[in-house]
J.: 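This is the structure, below, for whatever I ask next.
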2 protein chains.
Amino acid sequence: MATESRDKPRRIRNISELAKLAGVSAGTVSRALAGKDLVNRETRERIQALAREHGFRPNQMASRLRTGQTGVIGVVIPLGHDKRQHISDPFFMTLLGYLADALTERGYDLMLSRVIPEHNDEWLERLVDSGMLEGVLMIGQSDQFAVIEQVAAHYRPLVAWGVHQPGQVHCAVGTDNFTGGKLAAQHLLAQGRKRLAFFGDIRGIEIEERLKGARAAVAEAGTGANIELFATPLATDNMAERIAADLEAMDPAITGIFTASDVIAMATLRQLHERGQQVPRDIALVGFDDLPLATQTVPQLSSIHQQIGRGAEEMVSRLLRRIAGEETDSLVMEPRLIVRESA
Amino acid sequence: MATESRDKPRRIRNISELAKLAGVSAGTVSRALAGKDLVNRETRERIQALAREHGFRPNQMASRLRTGQTGVIGVVIPLGHDKRQHISDPFFMTLLGYLADALTERGYDLMLSRVIPEHNDEWLERLVDSGMLEGVLMIGQSDQFAVIEQVAAHYRPLVAWGVHQPGQVHCAVGTDNFTGGKLAAQHLLAQGRKRLAFFGDIRGIEIEERLKGARAAVAEAGTGANIELFATPLATDNMAERIAADLEAMDPAITGIFTASDVIAMATLRQLHERGQQVPRDIALVGFDDLPLATQTVPQLSSIHQQIGRGAEEMVSRLLRRIAGEETDSLVMEPRLIVRESA
DNA sequence: TTGAAAGCGCTAACAT
DNA sequence: ATGTTAGCGCTTTCAA
């Protein structure tokens with residue numbers, strides 16, 4: 001039942017038009033609309049009412065140019081390897097959701113870029129000095145570690161999700177993937193499963209770390225234990241076929257599979273079922289991420305838990321401190337093995 | 001092995017600094033950097049080289065203010081009902097991915113907003129005349145149909161994913177949810193399953209349409225047939241518990257379930273397994289969306305297919321036409337029943 | 001082919 | 001408490 005007074009439907013285009021209408025100066029309107037108390041409460045409210053009435057709101061582009069504060073954070077999903085489906089990977093999407101929340105809460109806008117670097121290393125440079133962004137968050141590092149390092153050397157407000165390597169200059173928040181991989185493999189090995197397989201594309205640096213951790217566990221387990229690598233892509237397009245082929249080619253002596261993600265684990269579960277192999281009786285399975293879907297499969301997935309929500313908060317708070325000129329350290333969060341039914 | 005010449009590491013802050021360095025005027029630099037052919041090829045290349053050398057790129061904020069072209073499209077995920085997990089819903093995430101692709105391809109940036117309208121209907125108004133956006137895409141309508149309608153009445157460059165209702169003013173691209181629901185229910189009814197259940201939160205207008213379609217199929221099936229509604233939320237937090245409770249409370253005569261999404265179907269599959277009920281023998285299940293995950297479950301999900309990729313393309317092309325001042329009609333795409341193992 | 005100058009819409013000293 | 005003024009950094013007529 002809101003009555004709209006449309007006496008003068010002439011659209012107010014800018015602050016000075018409104019100023020003229022209100023019989024004051026542009027400056028006053030600016031102050032009034034910003035809610036400053038330097039302006040008489042009465043006039044302030046009058047101007048605000050007028051603005052509301054005409055559906056006027058100050059142009060953000062101009063305001064942001066003038067103040068030098070864009071209020072925009074770039075969120076980048078690099079797709080170095082794995083051209084396609086990365087963005088639909090539920091892990092990254094969940095992280096994106098939490099980042100969106102954290103940024104919105106703090107009054108920042110979020111500019112999303114989904115970049116496929118291909119043969120050009122300039123994409124990040126171009127992004128950071130577009131003048132549009134106050135800072136950049138990277139959702140994963142893909143195979144772009146070197147590019148990120150180079151930009152981070154002179155561009156401070158940048159925080160990435162992913163691995164932290166000794167001596168790296170850019171600020172990273174992530175899980176200890178090595179330990180995660182180790183936990184997963186140890187869990188399988190402890191069940192007397194000595195011959196393992198790893199399903200994952202190690203061109204992603206985080207994935208590679210997971211494999212390294214698994215390898216370390218295997219090495220500790222002594223002779224007879226080993227782990228074989230299958231380069232399962234993260235993309236969901238032909239993942240099923242790839243996994244089917246891998247299972248077919250796989251040494252029948254292998255009784256434990258560690259997958260680089262829950263999504264891969266779920267697809268593997270499906271293919272094992274197709275082949276009539278029981279999980280965990282015939283083959284045990286450990287995933288990574290511990291997404292909600294891990295509890296929805298039959299059998300439920302054992303997995304390595306990553307703290308996504310906390311990670312997002314830590315990324316944003318670090319970024320804001322960096323925007324304010326502080327330095328911040330990287331954060332490596334501890335993974336946890338969640339034992340369910342699949343292993 | 002790229003050698004970087006860092007003779008003058010003094011950072012160039014704007015176009016006139018570069019102009020001074022090049023011994024030309026700001027205007028010339030602007031033209032040169034924009035690649036216009038009004039400027040001598042030699043000087044143009046010299047200026048471009050100089051810019052590259054100093055890692056200078058024109059401030060987008062200023063450029064966009066000046067030209068009035070922001071090059072930014074707002075992509076909004078409204079979370080009217082279902083405060084939390086919507087953004088992690090794989091359907092919407094996939095749509096977002098395709099939208100990101102389509103916009104990037106056309107040189108647009110994407111500003112993501114995840115809005116929880118709560119008690120305020122102004123969120124869309126505020127967004128559209130922030131002066132930052134050339135257009136707005138909405139990923140789903142949630143329960144904000146009225147708000148969208150009102151804004152669309154005076155703001156042209158807006159396209160939403162979702163239902164199209166007779167006489168609606170805003171441009172929508174979506175699936176014929178009614179027919180989709182009808183197909184799903186018909187498929188179950190054709191198997192002699194007369195007592196059905198619908199799992200979904202009909203506060204989402206798209207979801208409600210699906211139920212209506214199912215009801216229509218039930219009505220056509222004649223006496224004895226009926227369908228019961230269970231308001232399963234889309235959020236994944238406590239979905240499992242809700243579904244477990246619903247299954248417990250459900251009339252044992254019900255032998256077919258139509259779920260509002262594949263995600264709900266997957267969770268339902270899990271809970272049915274928990275209860276020792278076989279799918280499809282004891283209870284048949286039809287999902288909605290036909291996401292990749294529908295092929296990964298055991299048994300594989302029968303589902304209603306939505307054309308996400310095409311939908312994204314259609315949304316973007318319509319939006320661009322609207323930005324150019326054209327009118328565009330809505331698009332209602334036909335759903336398809338995909339029969340797999342669960343029904 | 002280039003330079004000078006105006007101005008996109010807003011904010012913040014500075015002045016009153 | 002309000003008006004005036006000078007830009008933020010860029011693009012684009014208009015003149016030369």
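This is a predicted model, so every value here is computed, not measured. Proteins get letters first, then strands, A, B, ... in listed order; numbering begins at 1 in each.
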J.: In whole angstroms, how far is the P atom of D:dA16 from the CG atom of B:L38?
T.: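 In whole Å, D:dA16 P lies 19 Å from B:L38 CG.
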
J.: Quick check on D:dT12: is either OP1 or OP2 less than 4.0 Å from any side-chain nitrogen or oxygen of B:K36?
T.: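 Indeed, a polar side-chain atom of B:K36 lies that close.
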
J.: Can a side chain N or O of B:S25 be found less than 4.0 Å away from OP1 or OP2 on C:dG3?
T.: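 B:S25 to C:dG3 OP1/OP2: side-chain N or O found under 4.0 Å.
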
J.: Look up atom NE2 in B:H170 and atom OG in B:S330, then write down how far apart they are to the nearest 0.5 Å.
T.: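 The NE2 atom of B:H170 sits 7.0 Å away from the OG atom of B:S330.
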
J.: So, A:E122 and A:R126, do they make that salt bridge, N to O below 4.0 Å?
T.: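 Yes.
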
J.: What residues in residues 56-70 of chain A put a non-hydrogen atom under 4.0 Å from any atom of DNA chain D?
T.: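 Hits under 4.0 Å, by residue number: A:L65, A:R66.
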
J.: Where the side chain of B:E149 meets the backbone of B:V169, is there a donor-acceptor pair that is under 3.5 Å apart?
T.: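 Present.
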
J.: Can you tell me how far NZ of B:K20 sits from CD1 of B:I12, rounded to the nearest 0.5 angstrom?
T.: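 Reported value, rounded in 0.5 Å steps: 10.0 Å.
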
J.: Could you tell me how far apart A:I15 (CD1) and D:dT4 (C1') are, to the nearest whole angstrom?
T.: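 About 15 Å, once rounded to whole Å.
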
J.: Give a yes/no answer on whether the side chain of B:S16 brings an N or O atom under 4.0 Å of OP1 or OP2 in D:dC10.
T.: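 So the side chain of B:S16 is outside the cut-off, no N or O lying under 4.0 Å from OP1 or OP2 of D:dC10.
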
J.: Show which side-chain atoms of residues 38-46 of chain A pair as donor or acceptor with protein atoms under 3.5 Å away, not counting sequence neighbours.
T.:
residue: A:N40; atom: OD1; partner: A:E42; partner atom: N; Å: 3.2
residue: A:T43; atom: OG1; partner: A:N40; partner atom: O; Å: 2.9
residue: A:R46; atom: NH1; partner: A:A22; partner atom: O; Å: 3.2

J.: Among D:dG3, D:dG9, D:dT12, which is the nearest nucleotide to the side chain of A:V24?
T.: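 Ranking D:dG3, D:dG9, D:dT12 by closest atom to the A:V24 side chain puts D:dG3 first.
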
J.: Can you tell me how far the CZ atom of A:R310 sits from the CD atom of A:E313, to the nearest 0.5 Å?
T.: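 A:R310 atom CZ to A:E313 atom CD measures 11.0 Å (nearest 0.5 Å).
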
J.: Which residues satisfy the side chain to side chain contact (heavy atoms under 4.5 Å, CB included) test with A:E134, sequence neighbours excluded?
T.: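 Once residues adjacent in sequence are excluded, the partners of A:E134 under the side chain to side chain contact (heavy atoms under 4.5 Å, CB included) criterion are A:Q69, A:T70, A:I73, A:Y108, A:I323.
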
J.: Under the 3.5 angstrom rule, does the side chain of A:R64 hit a backbone N or O of A:G71 as a donor-acceptor pair?
T.: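 Checked: no pair found.
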
J.: Name the pairs: protein N/O against N/O of nucleotides 13-16 of chain C, kept only if under 3.5 Å.
T.:
residue: C:dA13; atom: N6; partner: A:R31; partner atom: NH1; Å: 3.2

J.: For the helix from C:dT1-D:dA16 to C:dT16-D:dA1, what angle separates the axis at the start from the axis at the finish, each from five pairs, in steps of 10°?
T.: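 Inter-axis angle at the termini of the helix from C:dT1-D:dA16 to C:dT16-D:dA1: 40°.
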
J.: What distance separates B:R11 CZ from B:H54 NE2, expressed to the nearest 0.5 Å?
T.: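 The CZ atom of B:R11 sits 10.5 Å away from the NE2 atom of B:H54.
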
J.: Sequence neighbours excluded, which residues qualify as side chain to side chain donor-acceptor pair (under 3.5 Å) partners of A:T328?
T.: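 In terms of side chain to side chain donor-acceptor pair (under 3.5 Å), with neighbours along the sequence ignored, A:T328 is linked to A:R322.
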
J.: What's the closest nucleotide to the A:N40 side chain, out of D:dA1, C:dT11, C:dC10?
T.: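 Nucleotide nearest to A:N40's side chain: D:dA1.
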
J.: Any side-chain N or O of A:S30 below 4.0 angstrom from OP1/OP2 of C:dG9?
T.: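 Answer no for this pair, as no side-chain N or O of A:S30 is under 4.0 Å from OP1 or OP2.
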
J.: With heavy-atom distances below 4.5 Å as the criterion, would you say the side chains of A:L319 and A:P157 are in contact?
T.: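 When only atoms from C-beta onward are counted, A:P157 and A:L319 do touch, with a gap below 4.5 Å.
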
J.: Distance check needed: D:dC10 C1' versus B:R13 CZ, whole Å only.
T.: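 So the CZ-C1' distance, B:R13 to D:dC10, works out to 16 Å.
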
